[in-house]
Engineer: 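Sharing a structure below in structure tokens format, with a few things to ask.
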Amino acid sequence: MKIRYHSVVLDEEKCQGCTNCIKNCPTEAIRVRGGKAVILTERCVDCGECIRTCENHAKKALSETLDDLKNFRYRIALPAPSLYGQFKQGVMPRAVLAALRQIGFDEVYEVAAAAELTTYAVRTYLEEYTAKNDRKNLPLISSSCPAVVRLIQVRFPGLIPRIIPVEPPYVTAAKMFYRERLPELEYSPDQIGLFFITPCPAKITEIKTAIQAGYHVDGAIPFLSIFGKLQEQVEAGEKVDAHPQSTGVGIGWARAGGESVAVKWENALSVDGIHHVAALLEEIEMDKLNDIDYIEAMACPEGCVGGALTVENPFVARVKIRKLAEAANDKELPPEVAALGAKLYSEDFFRSQQDLPAIPALQLDKDLGVAIKKLEQVEGLMTKLPGLDCGACGSPTCRSLAEDIVQQNAQLSDCIFILREELEELASKLLLLSQKRPPALGQTGSEKEVAKSESQESLGENRSPDDHRE
Amino acid sequence: MTTPGMVLHFSVEGGDFAAAGEAASKIKKALRKIGIDAGVIRRVAIAAYEAEMNIVLHARRGRLVLEVAEDKLQVIAEDEGPGIPDVNQAMQEGFSTASDLAREMGFGAGMGLPNMKKCSDTITIESVKDRGTKVVMGFDHR
Ligand SMILES: Nc1ncnc2c1ncn2[C@@H]1O[C@H](COP(=O)(O)OP(=O)(O)OP(=O)(O)O)[C@@H](O)[C@H]1O
Ligand code: SF4
Ligand code: SF4
Ligand SMILES: [Mg+2]
């Protein structure tokens, strides 16, 4: 699998080189070089943290737009459950689905409905796994947030076997469309365009890079880019009939904790926000959470309602989702859904087709011996660097600068403190040189003074440290 | 051990619960950087953490030393402290002299040393009463 594609990219024109973004990246994937941010694509997990951080809006997500619908005869929207929480209080899923039809989609296939089937699959997988395995291999980790999955591949490869091998809900939605609906239509698959309506860049990347077996999602369109149009339609009122299939169980998936509530697994833990997730994964790696069965980990604050491409405030959206879910029976999977889930599960319909290799992007070298040497060099440099992690060099920490130097992507003098020391040294040398005269010339009176004082004290010491601040 | 390719030192203060675990976490990060197998890293990190906690819990001060060669690595935990009077007894699961305070904080199950033994490929413990303790743990990683 190629892992080079990324949805999150830099808008060079807007980037001011401020270094605000470099600190927040969970994999230290951003550097500022030559006054512009650069994303190290191998490391990026598309969490969207940098999109949230950048005040100049210089980080953006590559995606499809409504224009891309033109390439298809029959267009299907797969709206993420979190879309329902973006509108004013009181706007029901029915109105949102109608609005999607009105802006150009021929049909809507709700991901929230598919999430109910996924709920069945995850629960059954957990039951089977916990019955068979000892606690040493627990907790399992949800596969629904692709940014978390990628974070595990980059930073916690030892936890890859813990990822629940069930495809995320949007994939199940697409597969259900191919299985149930496509045979009823008179279009061939290439005339049909499936578009995921996405709250986040991580899903966009996933769609571009995933192995799509038995279905095809053609693109992803962010909430942000169509919200205005949807809002207009919602306000204008419904002109087409839309019948939501989802219940509260599926809608609830939009918020952090929604998945584990839906799955109804008592001994589960839910965590949101990429840095909290990373801290928890550290603990899991140290075998400290073996008494828990299942972790629902979401990269965004409050879960998908907090996705980097959403419109509404995550906390407000979260409450709206909770209310919508409660109003649409969030207690129990409808019996017909559970029955369908059971049938599909027995056919292995939900099983993930993805191959999840470790991504060794943080390693200093492929060769162990070389890597050890490089780490020694890094440790050596760490004794010279000030340890302030100020970021002025364009690397997020002193340690990452040391690594960049060892990898020949930066220089020691990129550190402003080292640079200052070097300049001071240079300045005092220059001063000394400037006072030297060819021996053939005589000395003036004042020069004699200087020569005298020089022999008494060294030049650097008769200046106060503040003199060379600026 | 063949030529130690690299040696890193991490100091540990007895009683400093705020910083407890940092040395083990740094060891884990260093091993990740050089691309040691994830399963080995897990074992080393758990063993180093237990060794570090034993210094925090039972000794005055000490350090962890990580030595990495191409085929083996070693974690040495040495401290100045009361020493372990009966090493065989200390190695028993459940044996602990941890204080009530430590127990309240969730330590003192008497599982640290047995865990270190389980996680490492070799372990030796030298201890002198009223002087200190030195635990050497070896791990094969090829
Ligand atoms: N570095 C040390 N210095 C002095 N005594 C120690 C040291 N390490 C272990 N001991 C002694 O050995 C006992 C058993 O250690 P072990 O690590 O197995 O359990 P514990 O530290 O008491 O509890 P736990 O590790 O489960 O939190 C300790 O209670 C203590 O008496
Ligand atoms: S999307 Fe996340 S991982 Fe990628 S560069 Fe931005 S902050 Fe880093
Ligand atoms: S939490 Fe949801 S919105 Fe955020 S990155 Fe993960 S899947 Fe995307
Ligand atoms: Mg202990």
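Below, read A as the first sequence line, B as the second, and so on, with proteins coming before strands; counting in each chain starts at 1.
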Engineer: May I ask you to decide if B:Val65's main-chain N or O and B:His9's side chain share a donor-acceptor pair within less than 3.5 Å?
Structural biologist: no

Engineer: Would you say A:Gln153's side chain and A:Ala358's backbone share a donor-acceptor pair under 3.5 angstrom?
Structural biologist: no

Engineer: Decide whether A:Tyr294 and A:Glu266 meet the rule of one side-chain donor and one side-chain acceptor closer than 3.5 Å.
Structural biologist: no

Engineer: Spell out, as yes or no, whether a donor-acceptor pair under 3.5 Å connects the side chain of A:Ser352 to the backbone of A:Pro165.
Structural biologist: no

Engineer: So which bits of residues 24-34 of chain B come within less than 4.5 Å of chain A, counting non-hydrogen atoms only?
Structural biologist: B:Lys28, B:Ala30, B:Arg32, B:Lys33, B:Ile34

Engineer: What part of A:Glu285 is in contact with chain B, defined as an atom under 4.5 angstrom from a non-hydrogen atom: side chain, backbone, both or neither?
Structural biologist: both

Engineer: Which one wins on heavy-atom pair count under 4.5 Å against chain A: B:Ile36, B:Leu8, B:Ile41?
Structural biologist: B:Leu8

Engineer: Determine whether the side chains of A:Thr53 and A:Asn20 contain a donor N or O and an acceptor N or O closer than 3.5 Å.
Structural biologist: no

Engineer: Taking NZ in B:Lys117 as the centre, count heavy atoms belonging to other residues, nucleotides or ligands within less than 6.0 Å. Is the count above 12?
Structural biologist: no

Engineer: With a strict 4.5 Å heavy-atom criterion, list every residue of residues 129-139 of chain A that contacts chain B, or say none.
Structural biologist: none

Engineer: Is A:Ser395 reaching over with its side chain to a backbone N or O of A:Thr397, donor-acceptor style, under 3.5 angstrom?
Structural biologist: no

Engineer: Cation-pi check, A:Lys384 to A:Phe417: give yes when NZ or CZ is under 6.0 Å from the six-membered ring centre and within 45° of the ring axis, no otherwise.
Structural biologist: no

Engineer: Between the side chains of A:Glu296 and A:Ser260, is a donor N or O closer than 3.5 angstrom to an acceptor N or O?
Structural biologist: yes

Engineer: Is A:Lys373 in contact with chain B via its backbone, its side chain, both, or neither, using a 4.5 Å heavy-atom distance?
Structural biologist: neither

Engineer: Checking heavy atoms, do the side chain of A:Glu403, its backbone, both or neither come under 4.5 Å from chain B?
Structural biologist: side chain

Engineer: Would you please test A:Ser144 and A:Glu259 for side chain to side chain donor-acceptor pair (under 3.5 Å) and show each step?
Structural biologist: CA-CA 9 Å; A:Ser144 59; A:Glu259 178 182 333; 2.7 Å; yes

Engineer: Does the salt bridge (Lys or Arg N to Asp or Glu O under 4.0 Å) test come out yes or no for A:Arg33 and A:Asp404, once each step is laid out?
Structural biologist: CA-CA 12 Å; A:Arg33 297 283 180 258; A:Asp404 292 346; 3.0 Å; yes

Engineer: Within the side chain of A:Asp414, is there an N or O that forms a donor-acceptor pair under 3.5 Å with the backbone of A:Cys393?
Structural biologist: no

Engineer: Identify which of A:Leu159, A:Ile372, A:Leu364 forms the greatest number of heavy-atom pairs closer than 4.5 Å to chain B.
Structural biologist: A:Ile372

